[in-house]
*Asks:* 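Just dropping this structure here.
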Amino acid sequence: MKLLITGANRGLGLALTIEAVKRGHTVFAGIRNPEKQMDQLAQLRSLFLNQVSLLSLDVAEEATCQAASEKLEEENITLDVIINNAGILNERSKTIEEIDITKVEQTFNINLFGPMRVIKHFLPLLSKGPNSSIINISSEAGSFQNAYGGDYPYALSKASLNMFSQQLRKYLADDQVSVFAVHPGWIKTDMGGEKAPGTPEESAKGIIDIIEKKQKITGTSSFINTQGEPMPL
């Protein structure tokens, strides 16, 4: 399969890229600055020739999304999977009284509007049918039932991303495209921190299993974990 993965240069995005190419897939790795952020990806490209292509893609800038999609279109490339992984977590320790609204806007620009921009420009390149998928990396922080008084920008943006995922699922139902918002678990990344019990590699394996239809999806929710189990909305 051919996968587009945003934020592919580190953390879960890098782990997803590695897992995908190990399984024989081709990855178009979207990163903000290919010149400065490609050390590990460059090494991966040397090990898996012709399976990793770098795309200059900043999800916060629509022009880069459009340019990247046009580049693939000019090369007659179609996609089987889109993984919206790029994200940001800021204002973590702030109370609502202290919060910087510009940081909230930045979070929505990346965590919600970013996936919307990507889908807007890359959906025409997505092959329709039961083997195609859209995966939006979400979080349990976006669960309405489990809401807590903190992480306002992140939690609100992920709750909105869950809604967007459900809307896409309905929109693409006739085309048989699988759409899921996936909670990757608390994992050791820059965002998750060193105290996290899980690893990006473990989450990546579960997500690629979902894409490959190897993981059974229990229930009908579009918001699931990496084991295919429904998350509380």
Side-chain angles (χ1 to χ4, degrees), residues 1 3-8 11-13 16 20 30 57 59-60 62 65 69 79-89 104 107-147 151-187 191 203-204 206-233:
M1 293 190 293
L3 291 74
L4 169 68
I5 302 176
T6 67
L12 180 59
L16 284 164
L57 177 58
V59 301
E62 184 163 2
C65 298
S69 66
L79 299 170
D80 301 292
V81 179
I82 297 172
I83 302 182
N84 282 306
N85 165 75
I88 188 173
L89 171 60
V104 179
T107 300
F108 269 80
N109 192 33
I110 294 171
N111 291 0
L112 175 64
F113 305 150
M116 292 178 73
R117 292 183 186 103
V118 169
I119 297 302
K120 173 183 176 180
H121 291 286
F122 285 92
L123 186 58
L125 302 183
L126 185 69
S127 299
K128 307 303 190 291
N131 294 322
S132 59
S133 303
I134 294 173
I135 302 292
N136 295 323
I137 302 301
S138 187
S139 169
E140 62 183 352
S143 166
F144 188 88
Q145 294 180 39
N146 293 332
D151 295 339
Y152 293 99
Y154 186 74
L156 291 167
S157 66
K158 292 301 185 181
S160 298
L161 183 63
N162 291 346
M163 179 62 176
F164 177 53
S165 301
Q166 182 65 12
Q167 288 181 303
L168 280 178
R169 170 180 270 207
K170 296 289 186 179
Y171 178 61
L172 296 170
D174 290 344
D175 293 320
Q176 297 182 286
V177 177
S178 297
V179 181
F180 293 107
V182 179
H183 167 54
W186 185 16
I187 55 178
M191 190 177 294
S203 293
I207 292 168
I208 300 300
D209 280 346
I210 291 170
I211 290 167
E212 293 181 338
K213 315 297 183 185
K214 293 178 180 177
Q215 181 66 266
K216 181 180 179 180
I217 308 299
T218 57
T220 58
S221 177
S222 59
F223 184 28
I224 61 175
N225 62 22
T226 57
Q227 287 75 52
E229 301 163 337
M231 293 290 296
L233 292 170

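FYI, the numbering just counts along the sequence from 1. The basis for the numbers below is simple: all heavy atoms, side chains too, and nothing from hydrogens, waters or symmetry mates.
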*Asks:* Ignoring hydrogens, what is the shortest heavy-atom contact between Leu57 and Cys65? Give both atom names and the distance.
*Replies:*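 Leu57 and Cys65 have their closest heavy atoms at CD1-CA, 3.4 Å.
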*Asks:* Would you mind listing every side chain to side chain donor-acceptor pair (under 3.5 Å) that reaches into residues 167-176, with sequence neighbours excluded?
*Replies:*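 Non-adjacent pairs meeting side chain to side chain donor-acceptor pair (under 3.5 Å): zero.
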*Asks:* With salt bridge (charged side-chain N to carboxylate O under 4.0 Å, His left out) as the rule and sequence neighbours excluded, what pairs involving residues 112-121 come up?
*Replies:* Glu62-Lys120
*Asks:* Tabulate below the donor-acceptor pairs under 3.5 Å that side-chain atoms of residues 220-230 make, not counting sequence neighbours, or state none.
*Replies:*
{"from": "Ser221", "atom 1": "OG", "to": "Phe223", "atom 2": "N", "distance (Å)": "3.0"}
{"from": "Ser221", "atom 1": "OG", "to": "Phe223", "atom 2": "O", "distance (Å)": "3.1"}
{"from": "Ser222", "atom 1": "OG", "to": "Gln166", "atom 2": "OE1", "distance (Å)": "2.7"}
{"from": "Asn225", "atom 1": "OD1", "to": "Gln227", "atom 2": "N", "distance (Å)": "2.9"}
{"from": "Asn225", "atom 1": "OD1", "to": "Gly228", "atom 2": "N", "distance (Å)": "3.2"}
{"from": "Asn225", "atom 1": "OD1", "to": "Glu229", "atom 2": "N", "distance (Å)": "2.9"}
{"from": "Asn225", "atom 1": "ND2", "to": "Glu229", "atom 2": "OE1", "distance (Å)": "2.8"}

*Asks:* Which atom pair, heavy atoms only, marks the closest approach of Pro184 to Leu12?
*Replies:*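 Minimum heavy-atom contact is CB-CD2, 3.8 Å.
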*Asks:* Got a second to check how far Ile82's CD1 is from Ile119's CD1, nearest 0.5 Å?
*Replies:*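 One gets 4.0 Å once the value is rounded to the nearest 0.5 Å.
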*Asks:* Who passes side chain to side chain donor-acceptor pair (under 3.5 Å) against Ser157, sequence neighbours left out?
*Replies:* Asn111
*Asks:* Applying side-chain contact (heavy atoms from CB on, under 4.5 Å), can you list everything that pairs with Ala20, at least two apart in sequence or on another chain?
*Replies:* Leu3, His25, Val27, Ile208
*Asks:* Could you list the residues that satisfy side-chain contact (heavy atoms from CB on, under 4.5 Å) with Ala141, not counting sequence neighbours?
*Replies:* Ser139, Tyr148, Tyr154, Ala155
*Asks:* Could you check if a side-chain atom of Leu112 sits within less than 4.5 angstrom of a side-chain atom of Phe164, using non-hydrogen atoms only?
*Replies:*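 Yes, side chains in contact.
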*Asks:* Please list, chain by chain and in numerical order, all residues satisfying side-chain contact (heavy atoms from CB on, under 4.5 Å) with Ser69, sequence neighbours excluded.
*Replies:*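 With sequence neighbours excluded, Ser69 shows a side-chain contact (heavy atoms from CB on, under 4.5 Å) to His121, Phe122, Leu125, given in chain and number order.
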*Asks:* Over all heavy atoms of both residues, which pair between Met1 and Asn131 is shortest? Give the atoms and the distance, please.
*Replies:* SD-O, 3.9 Å
*Asks:* Would you give the length of the straight line joining atom CG of Leu16 to atom CD1 of Ile5, rounded to the nearest 0.5 angstrom?
*Replies:* 5.0 Å
*Asks:* Does Lys128 have any salt bridge (Lys or Arg N to Asp or Glu O under 4.0 Å) partners at least two apart in sequence or in another chain, and if so, which?
*Replies:*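 Per chain and number, Lys128 pairs via salt bridge (Lys or Arg N to Asp or Glu O under 4.0 Å) with no residue.
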*Asks:* Rounded to the nearest 0.5 Å, what separation is found between the CD1 atom of Ile83 and the CD1 atom of Ile135?
*Replies:*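 Reported to 0.5 Å precision, the distance equals 6.5 Å.
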*Asks:* Using the salt bridge (Lys or Arg N to Asp or Glu O under 4.0 Å) criterion, which residues pair with Lys213? Sequence neighbours excluded.
*Replies:* none
*Asks:* Kindly compute the distance separating CG (Leu79) from CG (Leu126), expressed to the nearest 0.5 Å.
*Replies:* 6.5 Å
*Asks:* Side chain of Ser165, backbone of Phe180: donor and acceptor closer than 3.5 Å?
*Replies:* no
*Asks:* Ignoring hydrogens, what is the shortest heavy-atom contact between Ile110 and Ala60? Give both atom names and the distance.
*Replies:*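 So the minimum-distance heavy-atom pair works out to CG1-CB, 4.2 Å.
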*Asks:* If every non-hydrogen atom of Thr107 is compared with every non-hydrogen atom of Ile88, which pair is closest and at what distance?
*Replies:*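 Minimum heavy-atom contact is CA-CG2, 3.8 Å.
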*Asks:* Do any N or O atoms from the side chain of Asn85 and from the backbone of Gly7 form a donor-acceptor pair under 3.5 angstrom?
*Replies:* yes
*Asks:* Once you round to the nearest 0.5 Å, how far does CG of Leu172 lie from OG of Ser178?
*Replies:*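 Leu172 CG to Ser178 OG: 10.0 Å, rounded to 0.5 Å.
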*Asks:* If you define the side chain from C-beta out and look only at heavy atoms, does anything of Ile210 sit under 4.5 Å from Ser133?
*Replies:*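 Side chain of Ile210 against side chain of Ser133, heavy atoms only: no contact under 4.5 Å found.
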*Asks:* Taking only residues two or more places apart in sequence or in another chain, which ones pass salt bridge (Lys or Arg N to Asp or Glu O under 4.0 Å) with Asp80?
*Replies:* none
*Asks:* Could you tell me which residues satisfy side-chain contact (heavy atoms from CB on, under 4.5 Å) with Ala147, sequence neighbours excluded, listed by chain and number?
*Replies:*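 Checked Ala147 against side-chain contact (heavy atoms from CB on, under 4.5 Å); zero matches.
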*Asks:* Taking side chain to side chain donor-acceptor pair (under 3.5 Å) as the definition, give me every residue that meets it alongside Asn162, ordered by chain and number, with sequence neighbours left out.
*Replies:*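 Expected list: Ser138.
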*Asks:* How close do Ser132 and Val177 get, counting heavy atoms only, and between which atoms?
*Replies:*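 Here Ser132 and Val177 meet closest at OG-CG2, 3.4 Å.
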*Asks:* Does any N or O in the side chain of Lys214 come within less than 3.5 Å of the main-chain N or O of Gly206, such that one atom is a donor and the other an acceptor?
*Replies:* no
